[in-house]
Amino acid sequence: MAIHIAPTLLALVTVGVFFPSTVTSSVLQKLAAVDTCLTTAGVPTYASGSADFTQAIKPFNLRLPFTPVALAVPSTVAHVQAAVSCAASLGITVSAKSGGHSYASHGIGGENGHLIVDMLYFNNITVDKSSSTAMVGTGARLGNVATALYNQGGQAISHGTCPGVGVGGLALHGGYGFSSHTHGLTLDGILEATVVLANSTVVTASATQNPDLFWALRGAGASFGIVTNFKFQTFTAPSPNIVFTYMFSFGSQQQAVSAISAIQTYTRSTMPTELNMRFTINPYSTTLSGVYYGSQAAFTAAIQPLLSTMPAPLYNTVQSMGWLDTLTAYSNGALATTLNYDYHETFFAKSLMPSELSDAAITAFVAYWFNTAKSNTRDWYVMMDLHGGAGSAISKVAADATSYAHRDAIFKFQFYDRVDSGTYPSNGFPFLNGWVGSITSAMPNTTFGMYINYADSSLTADQAHTAYWLDHYPKLTTIKMAYDPKKVFSNPQAILST
Ligand code: ABL
């Protein structure tokens, strides 16, 4: 069970200041005991309150700061085992941090009082070109992963667009990007994972070794252990590729409804596997953008059936690029990141993974966009990724092959609203909840999935379990019972063992 310590108290404890008698001594004993245990075991740590500690726990989402009891910075698997053993013996909950981009700050626990195992030094990337595989440390960030895979033999894996995201969290819960329609999710490329379990043993999870754990890791990994390294199947980095953007303006709600309806029809049955695309709405523009793996002529033929149903674009760019430039086109900056990576936003976000949108849902979504969202001048966006359909490599994987529960989702929606400075406003929550609600209310008999890699901090544990894992949740609890009955690895939305 997690212990909760107010940050201010922790600071007092850290500098040895006298603390009020209302604080239970057991909490403070645990604090001291975990430090002693880690030190005795030789596990490197950042001392509570030190500059390194403060920087390491600074969340990607500044709206959700939490204070751990301790932060381990292991450089060997044995360190990870020892850290887990210390926490488990003291009844302290453990969270692994790979890049620290969890929208609900799950990498720093999602609540106060966890032992954080910061995996930043597990960042080795080694390609074996002869077998098209790569060993990748769980703390490696995506931009560095992509660059190393490419430089070591022109290889690639499928992953998200932001270069600062750590591969561990991304791969263990999904991993969608502009090669997923062609090659699947990041988790679909995992061949093997080296995992430190709650009992502090280290095992391999693969199709043949601990297959139940392997199933659970690929969709709900944070609840089952600390992955130190992945073995990925790689593919030859495609080049040249077509990188494109079409910008639209819809004069009426009806025109927008028709466009989204056409996109859905196209995604379901026409969109070729080689095409990867998203529809993005923000206060200033509406775009279709993505990557096509093939020739310019083949792209023109592939996109034509969709464009012919849409209004003429205001503007478009269609460019041919090599692999790393293709990634950079969507990375909002350089691919390379450093160990002292320091990027943050203040935001609330939600997701939705519908297997289809009814006409009523599309109409309600567009009405909310035109009538409510357009007058909100904050820096919001909605992304509708063309996730599934007949041509999607994600949907071709059997629904129960991994614990990722959204194989049949036609779209992956992300709703995101942020402020450049200051506190996120309280009216932001109803703003995004209302937009998601426009869809869900129009389809009252549907259970909607959501994507845990866009963890929604406003969901209760029960809501999160249903939305993130749908009908895979009961099996996940059974596997949790087998591997981590005492919930050593947890957060407010994690898998429960009972
Ligand atoms: C995602 O999953 C999306 O694929 C990214 O496009 C998205 O990045 C991140 N998550 C958000 O954390 C954002 C950038 O951070 C924004 O700065 C940018 O405005 C937005 O994409 C639209 O391009």
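On a predicted model such as this, the values are computed, not experimentally measured, just so you know. Note that ligands are numbered from 1 as they come in the structure, with each ligand's atoms numbered from 1 the same way. Position 1 is the first residue of the sequence; numbering continues from there.
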Colleague: Kindly say whether the aromatic ring centers of F411 and H387 come within a distance under 6.0 Å.
Modeller: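 Not close enough - the centres of the two rings lie 6.0 Å or further apart.
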Colleague: With a 4.0 Å cut-off on heavy atoms, is R418 in contact with ligand 1?
Modeller: yes
Colleague: Give the residue and atom name of whichever protein heavy atom lies nearest to atom 15 (O) of ligand 1, and the separation in Å to one decimal.
Modeller: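 Minimum-distance protein heavy atom for atom 15 (O) of ligand 1 reads E345 OE2, 3.9 Å.
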Colleague: Is the Lys NZ or Arg CZ of R407 less than 6.0 Å from the centre of Y404's six-membered ring, within 45° of the axis?
Modeller: no
Colleague: Out of curiosity, is Y103 lining ligand 1, as in a heavy atom under 4.0 Å away?
Modeller: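 In this structure, Y103 qualifies as a contact of ligand 1 - some heavy atom is under 4.0 Å.
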Colleague: Among all protein heavy atoms, pick the one closest to atom 13 (C) of ligand 1 and tell me residue, atom and distance.
Modeller: Y381 OH, 3.4 Å
Colleague: Between the side chains of Y46 and Q55, is a donor N or O closer than 3.5 angstrom to an acceptor N or O?
Modeller: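 No, no side-chain donor-acceptor contact under 3.5 Å.
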Colleague: Nearest protein heavy atom to atom 5 (C) of ligand 1, by residue and atom, and its distance?
Modeller: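 Going by distance alone, atom 5 (C) of ligand 1 is nearest to T161 OG1, 3.5 Å.
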Colleague: I'd like to know whether the aromatic ring centres of H183 and F235 sit less than 6.0 Å apart in this structure.
Modeller: yes
Colleague: Going by atom types only, do Y150 and Q155 share a side-chain donor-acceptor pair under 3.5 Å?
Modeller: no
Colleague: Would you mind listing which atoms of ligand 1 come within a distance below 4.0 Å of any non-hydrogen atom of Y454?
Modeller: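 Those of ligand 1 that fall under 4.0 Å from Y454 are 1 (C), 2 (O).
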Colleague: In ligand 1, which numbered atoms sit nearer than 4.0 Å to a non-hydrogen atom of Q414?
Modeller: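 Result: 1 (C), 2 (O), 3 (C), 10 (N).
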Colleague: With distance as the sole criterion, is a donor-acceptor pair present between the side chains of Y454 and K412 under 3.5 Å?
Modeller: yes
Colleague: Go through the steps to decide whether F413 and F415 satisfy the test ring pair (Phe, Tyr, Trp, His ring centres under 6.0 Å), and finish with yes or no.
Modeller: CA-CA 7 Å; F413 275 96; F415 300 79; 5.6 Å; yes
Colleague: Provide the full list of salt bridge (Lys or Arg N to Asp or Glu O under 4.0 Å) pairs with a residue in residues 268-288, sequence neighbours left out, each pair given once.
Modeller: R278-D385
Colleague: Looking at ligand 1, does G160 have a heavy atom less than 4.0 Å from it?
Modeller: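 It does not, in that no heavy atom of G160 comes within the 4.0 Å cut-off of ligand 1.
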Colleague: List the closest protein heavy-atom neighbour of atom 21 (O) of ligand 1: residue, atom name, distance to the nearest 0.1 Å.
Modeller: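 Here the closest protein heavy atom is M383 CE, 3.5 Å.
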Colleague: Heavy-atom contacts under 4.0 Å between T280 and ligand 1: side chain, backbone, both, or neither?
Modeller: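 Neither; no heavy atom under 4.0 Å.
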Colleague: Would you check the N or O atoms of R278, main chain and side chain alike, for any that come under 3.5 Å of an N or O of ligand 1?
Modeller: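 Yes; the residue has a nitrogen or oxygen that sits under 3.5 Å from a nitrogen or oxygen of the ligand.
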Colleague: Using the ring of each side chain (for Trp, its six-membered ring), is F299 parallel, tilted or perpendicular to Y292, with breaks at 30° and 60°?
Modeller: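 Correct class here is tilted.
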Colleague: Among all protein heavy atoms, pick out the one at the shortest distance from atom 14 (C) of ligand 1; state its residue, atom name and that distance to 0.1 Å.
Modeller: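 I find the closest protein heavy atom is N332 ND2, 3.4 Å.
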Colleague: Below 4.0 angstrom from a heavy atom of C162, which ligand 1 atoms are there? Numbered from 1 as shown, please.
Modeller: 5 (C), 7 (C), 8 (O), 9 (C)
